[in-house]
Amino acid sequence: MIFERFKRHKGQEMAAHENENKTSYGMGDAGFSLVEVIISMVILALISIPLLGYFTNSAKYNSLMATQQRATALAQQIVEDMKEQTDLIQDTRDDTGNLTDIQSGYLDGLGYIPTKYTTSTKNTEGSVTTYGSVVYNGKASDIGENYDVKVTFTDTNDNNTDVYEIPNMDSDTDVIALDLDQNNSSAVSYFMALNAMWASSGGEGDSRTAASKEDVESRLQRTITVLIQQSSGHYHVTVSSTYTCDGLNGADGETYEASDLADSYVNELGKIYVMFYANVNSTGAINDEVIIENLASTDCSPDIILACQNLGDVDKERYVMAVGGKDSADSDTFVIGMSSVAGTIRTNLARLYSLYTDGTLGSADSFDYSALTDKEEETRRVNIEVSVYKKGTMDTSDEKKYITLDATYDM
């Protein structure tokens with residue numbers, strides 16, 4: 001009897017202990033099995049690899065943009081330094097006006113080396129005049145800079161020549177946005193990849209052909225957005241590019257963005273420079289759009305400089321850049337004219353068009369803008385071209401040019 005009671009008591013105690021173990025270490029707190037851990041790691045790896053590539057590419061892009069901005073600032077500084085010289089260029093002409101020599105003692109003293117001198121002739125009212133140009137190369141190590149620099153002087157012996165000239169930049173108040181040519185190329189590659197995925201997804205009996213690069217380029221359209229905001233007494237300016245490729249299979253409704261062309265805070269806002277490569281291969285009604293959104297709470301009308309960097313590739317009769325403006329965050333309607341969103345708009349393009357709210361094209365020259373030219377009566381000028389290259393690449397097979405600026409020097 002006593003043994004039976006002991007046995008029952010022991011059994012109840014063991015059952016209670018077993019239940020306690022189940023409560024403390026039950027299925028709800030059993031942890032993860034090795035298989036579950038491995039599967040989780042695989043999923044995490046699959047997610048992380050694309051993200052890692054994104055962050056890597058983003059870091060490379062930001063580094064490239066910083067390099068491009070420093071190169072632009074250097075080119076502008078060189079131009080300004082040369083224009084301040086009272087005797088920058090020395091040219092020699094004979095009694096008939098033919099150019100026999102052109103040189104720059106100023107650049108000689110800075111370590112630049114003249115490498116190429118050319119002459120040409122032209123007819124002027126029955127007479128033939130010789131004019132010429134000289135190229136000065138400045139290797140980074142010789143001129144004490146982090147970039148190679150090439151300076152070209154061209155003396156045409158002309159008066160009143162229209163020359164594309166960038167206005168002076170002020171690093172304290174001006175904002176510089178650089179829309180690189182590689183953005184156009186990257187956008188084309190992105191849309192080609194989407195189209196290739198569409199072509200490869202066709203099943204049996206659904207034969208699909210990927211579009212050619214030329215077809216993608218012809219459909220490409222870019223919108224450059226200049227956004228001006230105000231916060232805590234500062235002006236915040238961002239410039240971004242968005243690409244679309246309407247009508248391309250697999251890419252309808254998709255966009256490619258280059259969002260970091262400029263992101264600047266300034267106490268006083270002067271001019272906004274948008275240095276861009278024209279989207280010249282598009283066959284649409286509009287090649288490039290520019291939308292200026294001025295949402296600053298106080299009166300702010302910065303000058304906008306739209307400077308095309310591949311002007312030689314632009315067909316003046318066919319290329320179309322349309323410009324629209326917004327002065328309220330609560331409205332999707334573009335303003336009539338541009339006076340409420342910008343001061344003076346200047347460009348080296350032949351013409352600008354207005355952009356309507358519905359995205360359609362307005363007429364040419366329907367708002368006030370001025371050309372990036374400089375005229376002055378009875379002043380002979382020498383054209384100056386300053387190009388900045390990656391260190392050690394100038395005039396090599398690996399040449400990488402960051403920026404070219406043009407200016408004039410009054411003789």
Side-chain angles (χ1 to χ4, degrees), residues 52-82 110-112 136-152 166-190 222 224-226 236-243 256-266 271-279 305-311 313 384-407:
L52 182 61
Y54 169 79
F55 287 120
T56 301
N57 290 334
S58 178
K60 289 181 180 178
Y61 180 79
N62 290 338
S63 176
L64 179 60
M65 288 299 299
T67 300
Q68 187 90 8
Q69 288 182 330
R70 287 192 293 269
T72 302
L74 174 61
Q76 183 65 26
Q77 185 61 52
I78 292 172
V79 168
E80 294 306 315
D81 287 346
M82 288 193 296
L110 293 178
Y112 289 80
Y136 275 84
N137 281 0
K139 293 183 178 181
S141 57
D142 294 335
I143 62 175
E145 300 290 351
N146 293 321
Y147 303 88
D148 293 341
V149 179
K150 178 177 293 187
V151 179
T152 302
I166 295 286
N168 296 345
M169 296 181 183
D170 187 331
S171 59
D172 294 326
T173 62
D174 296 345
V175 175
I176 303 172
L178 302 172
D179 198 352
L180 306 179
D181 189 31
Q182 75 172 40
N183 289 336
N184 290 351
S185 301
S186 297
V188 170
S189 299
Y190 173 77
R222 172 178 56 187
I224 301 174
T225 301
V226 179
H236 183 200
V237 180
T238 58
V239 182
S240 60
S241 284
T242 303
Y243 294 81
Y256 176 84
E257 295 186 7
S259 58
D260 296 326
L261 308 185
D263 188 354
S264 301
Y265 291 86
V266 293
K271 298 180 286 293
I272 301 175
Y273 296 80
V274 181
M275 324 279 278
F276 66 95
Y277 285 79
N279 177 26
I305 314 300
L306 302 175
C308 178
Q309 299 298 290
N310 58 333
L311 199 59
D313 299 330
I384 303 174
E385 181 182 276
V386 178
S387 298
V388 179
Y389 300 81
K390 181 178 180 181
K391 183 177 180 179
T393 69
M394 182 174 59
D395 292 339
T396 68
S397 58
D398 297 324
E399 182 176 276
K400 180 171 180 56
K401 181 166 64 174
Y402 291 120
I403 189 74
T404 295
L405 293 182
D406 296 306

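Throughout, residue positions are numbered sequentially from 1 according to the sequence presented.
The shortest non-hydrogen separation linking Asn279 to Asn184 is CA-ND2, 4.2 Å. When every heavy atom of Asn310 is checked against every heavy atom of Ala278, the shortest pair comes out as OD1-N, 2.7 Å. In this structure, Gly392 and Asp148 approach most closely via the heavy-atom pair N-OD2, 2.7 Å. Between Val388 and Ala75, the closest heavy-atom pair is CG2-CB, 3.7 Å.
Atom CE in Met275 sits 9.5 Å away from atom OG1 in Thr404 (nearest 0.5 Å). Taken from CD in Gln77 to CG in Asp81, the straight-line distance is 4.5 Å, to the nearest 0.5 Å. Separating the OH atom in Tyr277 from the CG atom in Asp313 is a distance of 10.0 Å, to the nearest 0.5 Å. Atoms CD1 and OG1, on Ile403 and Thr67 in that order, are 13.0 Å from each other to the nearest 0.5 Å. The distance from the OH atom of Tyr112 to the CD1 atom of Ile143 is 3.5 Å, given to the nearest 0.5 Å. Considering NZ of Lys401 and CD of Gln309, their distance stands at 9.5 Å, rounded to 0.5 Å.
Taking Tyr402 as the reference, Tyr147 meet the ring pair (Phe, Tyr, Trp, His ring centres under 6.0 Å) condition, with sequence neighbours excluded. Contacts of Tyr190 classified as ring pair (Phe, Tyr, Trp, His ring centres under 6.0 Å), with partners at least two apart in sequence or in another chain: Tyr256.
Asp398 places no side-chain N or O within 3.5 Å of a backbone atom of Thr393 that could act as its donor or acceptor partner. The backbone N or O of Glu385 sits nowhere less than 3.5 Å from a side-chain atom of Asp406 that would complete a donor-acceptor pair. Without hydrogens or angle criteria, Glu399 side chain to Asp395 main chain gives a donor-acceptor distance under 3.5 Å.
Considering only heavy atoms from C-beta on, Met82 comes within 4.5 Å of Val386 through its side chain. Counting heavy atoms from C-beta on, the side chains of Ile224 and Val239 come closer than 4.5 Å. For the pair Phe276/Asn183, no side-chain contact is recorded, criterion being any heavy-atom separation below 4.5 Å from C-beta on.
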Point to revise | Step-by-step side chain to side chain contact (heavy atoms under 4.5 Å, CB included) determination, Tyr136 to Val149 | key: CA-CA 8 Å; Tyr136 275 84; Val149 179; over 6 Å; no
Check your understanding: Would Gln69 and Leu178 satisfy side chain to side chain contact (heavy atoms under 4.5 Å, CB included), going step by step from the backbone distance to the final call?
Key -> CA-CA 7 Å; Gln69 288 182 330; Leu178 302 172; 3.7 Å; yes
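Side-chain atoms of Ser241 and Asp179 form a donor-acceptor pair, as typed in the model, at a separation below 3.5 Å.
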